[in-house]
Amino acid sequence: MIEKVRGFRDSFPEDMVPRQRMFDIMRQTANKFCFSPIDIPSLEYLELYKIKSGDELLTQTFSFKDKGGRELTLIPEATPSVVRMLTARKDIRKPVRWFCLPKLWRYEEPQSGRSREHTQFNADIFGDESLYADAEIISLACATLDKLGLCGTYKVRVNNRFLMEKILERAGIKQISKGYSLIDHFKKISKEEFEKELMDLSDDKEMLLALTELLGTEIKLSELDKKFPETFKSGNEEIIFRLMNTAKLVSKQTDAELVYDASVVRGLGYYTGIVFEGFDIKGEFRSIFGGGRYDNLCQLLSGTSMEAVGFGMGDAVLELLLRRNNNWDAEVKNNSVVFCALSKEAIDMCFSLVKTVREYGYSTTVDTSMASISNQLKKAGANGMGFAAILGPKELEDKKITIRNMKTGKQAVGSFQDLIQMMLELSEN
RNA sequence: GCCGGGUUGGGGUAGGGGUUAUCCUUGGGGACUGUGGAUCCCCGGACCCGGGUUCAAUUCCCGGACCCGGCCCCA
């Protein structure tokens, strides 16, 4: 027996059914927001990731040399490929709204909500620098979660990289990237530890105190202009208003709570405006989705300048969340029928009926086991079938068929032609 | 890459230096001779791998693999 590869997961029907339902909702929601589907390759040149990322990322890729000595890698993220595809075409009208559901791979230690292979719902808007694009991206992420039945269980924490830069400068912090790195750890390390490390970055104790205070506070975006500390406000009014207006637009699409949270900086260096993360309100899991504006990345990767804003939503954390909300079941399909054949002749007859039944939108199969009727019905019930169509010597003689609603137990007998009609009638009650 | 805890049939478990390895469940078959998850009967199925200690290891020791969780990182 050969074991499966570390960090990879087998997915059996009981998981794939709810997972497909989740992916279907992602696709449907993206379609409703007029995002077009694309697909990206699973392999790219490692080079594609060297440009924007440090060595850290490269050690966490599944990469190898192909037979021609080229360095390839299973893709660790979607954005570079999407950008490569977009900039390869000069004829695409802006703005561009694209989404995809690629599998991504990361060579790191598996832990809760994170395996070495996962699927990510990825959506971007290119060529639109406006706050409307920011709002649409966040709205799509929220609308998807709402549609999954998660409304009220999550909130979105928002920040803006420009605003943070100004704040760090005002706090006297010169090493901006070190500042971000420390802020990223704000929620993970103790307050004492944090303050100690913060003091190393600047001498302005008063400002650092104000910064620590701000980092520990969540402000509703609708009240940002009133509640934002005066110390950091002047000169940043424009960014604050943009954040507020973005939130106002998002609130037309979702009831999800949007809060300003200075500790959200995202690990990435390449974000250039708004950054955001979706969080489970109970705080049990890692972030549900994350994203932001990255207006400079296209230029870096391809030499073509292009504004962009997008998000990624992994399936692993989402699955944990849906499981916790008891929304991860393989539900009974009312439009499924099993033909219970009780004789050889009946089996033949069943097979000449299934095509029509399928054309009417039902999922159907024939039970050819020739087991007793009670065993066949037992099996049908266990398999969650909506109907059982029973065909035995009795029915064959009369050229009729018995149809049973497996949920209600109600039955009807009629001609083969009436089968669909009988199922419709049995569905109604 | 690092740290902690695990690993007994498909799932959940009991046990334990020498036994036919326990029980539940799932799966397969059958009875109830054409109407459902009941009951009864039968069957299949496991000690993660390698090395060491020992007369003897599934059990003890060491290493590895994998699983769970955490660090790093989060694209």
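Note that the structure is a prediction, hence the values are computed from the model and not measured. Numbers restart at 1 for each chain; the letters A, B, ... are given by sequence-line order, proteins then strands.
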Undergrad: Identify the nucleotide, in any strand shown, that forms a Watson-Crick or G-U wobble pair with U39(B), with both distances under 3.5 Å; if there is none, say none.
TA: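 U39(B) is paired, partner A31(B).
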Undergrad: Identify, with sequence neighbours excluded, every residue that meets side chain to side chain donor-acceptor pair (under 3.5 Å) alongside Gln111(A).
TA: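 Per chain and number, Gln111(A) pairs via side chain to side chain donor-acceptor pair (under 3.5 Å) with Arg286(A).
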Undergrad: Per the side chain to side chain donor-acceptor pair (under 3.5 Å) rule, what does the pair list look like for residues 389-402 of chain A, sequence neighbours excluded?
TA: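 Applying side chain to side chain donor-acceptor pair (under 3.5 Å) to every pair that reaches into residues 389-402 of chain A, excluding sequence neighbours, yields Glu395(A)-Thr402(A).
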Undergrad: Using the C1' atom in both, what is the distance from A46(B) to A38(B), to the nearest Å?
TA: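 Here A46(B) and A38(B) have their C1' atoms 30 Å from each other.
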Undergrad: Under a 3.5 Å cut-off for both distances, is C2(B) Watson-Crick or wobble paired, and to whom?
TA: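 Per the H-bond distance test, G70(B).
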Undergrad: Can you tell whether the side chains of Glu165(A) and Arg161(A) come within less than 4.0 Å, N to carboxylate O?
TA: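 Not counted as a salt bridge, because no side-chain N and carboxylate O are separated by less than 4.0 Å.
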Undergrad: With sequence neighbours left out, which residue pairs that include part of residues 348-359 of chain A fulfil the side chain to side chain donor-acceptor pair (under 3.5 Å) condition?
TA: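 Found none.
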Undergrad: Considering Watson-Crick and G-U wobble pairs with both distances under 3.5 Å, what does A21(B) pair with?
TA: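 Base-paired to nothing in any strand shown.
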Undergrad: Keeping to residues at least two apart or across chains, list the side chain to side chain donor-acceptor pair (under 3.5 Å) pairs with something in residues 120-139 of chain A.
TA: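 The answer is Arg97(A)-Glu136(A), Gln120(A)-Asn122(A), Asp124(A)-Tyr294(A), Asp128(A)-Ser130(A), Asp134(A)-Arg242(A), Asp134(A)-Arg293(A).
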Undergrad: Sequence neighbours excluded, which residues qualify as side-chain contact (heavy atoms from CB on, under 4.5 Å) partners of Asp10(A)?
TA: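 For Asp10(A) the side-chain contact (heavy atoms from CB on, under 4.5 Å) partners, ignoring immediate neighbours, are Lys4(A), Phe12(A).
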Undergrad: Using a 4.0 Å cut-off on protein heavy atoms (strictly under), produce a 5'-to-3' string for nucleotides 63-73 of chain B with B for base contact, S for backbone-only sugar-phosphate contact, and - for none.
TA: --SSSSSBBBB
Undergrad: Would you please name every residue forming a side-chain contact (heavy atoms from CB on, under 4.5 Å) with Ser36(A), sequence neighbours left out?
TA: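 Scan of Ser36(A) (side-chain contact (heavy atoms from CB on, under 4.5 Å), adjacent residues dropped) gives Trp98(A).
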Undergrad: Is it true that Glu319(A) and Arg9(A) make a salt bridge, defined as a side-chain N closer than 4.0 Å to a carboxylate O?
TA: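 No.
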Undergrad: Please measure how far the C1' atom in U8(B) lies from the corresponding atom in C71(B), and state the result in whole Å.
TA: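 Looking at atom C1' only, U8(B) and C71(B) are 31 Å apart.
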Undergrad: Looking only at atom P, what distance separates U25(B) and U39(B), rounded to whole Å?
TA: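 The answer is 8 Å between these two P atoms.
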Undergrad: Roughly how far apart, to the nearest Å, are G69(B) and U26(B) at atom P?
TA: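 Those two atoms are separated by 28 Å.
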Undergrad: Taking only the P atom of each, what is the distance from U22(B) to G9(B) in whole angstrom?
TA: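 Between the two P atoms, the distance is 14 Å.
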Undergrad: What does the list of N/O pairs under 3.5 Å between the protein and nucleotides 35-41 of chain B look like, with a distance for each?
TA:
| residue | atom | partner | partner atom | Å |
| --- | --- | --- | --- | --- |
| U35(B) | O2 | Arg404(A) | NH1 | 3.1 |
| U35(B) | O2 | Gln411(A) | OE1 | 2.6 |
| U35(B) | N3 | Gln411(A) | OE1 | 2.9 |
| U35(B) | N3 | Gln411(A) | NE2 | 3.3 |
| G36(B) | N7 | Arg404(A) | NE | 3.1 |
| G36(B) | N7 | Arg404(A) | NH2 | 2.4 |
| G36(B) | O6 | Arg404(A) | NE | 3.4 |
| G36(B) | O6 | Met406(A) | O | 2.6 |
| G36(B) | N1 | Met406(A) | O | 2.5 |
| G37(B) | N1 | Gly381(A) | O | 3.1 |
| G37(B) | N2 | Gly381(A) | O | 3.4 |
| G37(B) | N2 | Ala382(A) | N | 3.0 |

Undergrad: Expressed as a whole number of Å, how far does the C1' atom of G1(B) sit from that of A14(B)?
TA: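 Nearest-Å result for G1(B) against A14(B) at atom C1': 39 Å.
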Undergrad: Let's see if you get this right: which residues in residues 337-354 of chain A place a heavy atom under 4.0 Å from RNA chain B?
TA: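 Under 4.0 Å from RNA chain B: Leu342(A).
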Undergrad: In chain order, what residues pass the side chain to side chain donor-acceptor pair (under 3.5 Å) check against Arg84(A), with sequence neighbours excluded?
TA: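 Partners of Arg84(A) under the side chain to side chain donor-acceptor pair (under 3.5 Å) test: Glu44(A).
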Undergrad: If you measure from the P atom in C68(B) to the same atom in G50(B), how many Å do you get, rounded?
TA: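 The answer is 23 Å between these two P atoms.
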Undergrad: Which residues satisfy the ring pair (Phe, Tyr, Trp, His ring centres under 6.0 Å) test with Phe194(A), sequence neighbours excluded?
TA: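 Ring pair (Phe, Tyr, Trp, His ring centres under 6.0 Å) check on Phe194(A) returns Phe186(A).
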Undergrad: Among pairs that include at least one residue of residues 149-159 of chain A, which meet side chain to side chain donor-acceptor pair (under 3.5 Å), considering only residues two or more places apart or in two chains?
TA: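 Qualifying pairs: Asp146(A)-Tyr154(A), Lys155(A)-Glu218(A), Arg157(A)-Glu218(A), Arg157(A)-Asp261(A), Asn159(A)-Tyr260(A).
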Undergrad: Between C61(B) and C66(B), how far apart are the P atoms? Round to whole Å, please.
TA: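 Roughly 22 Å separates the two P atoms.
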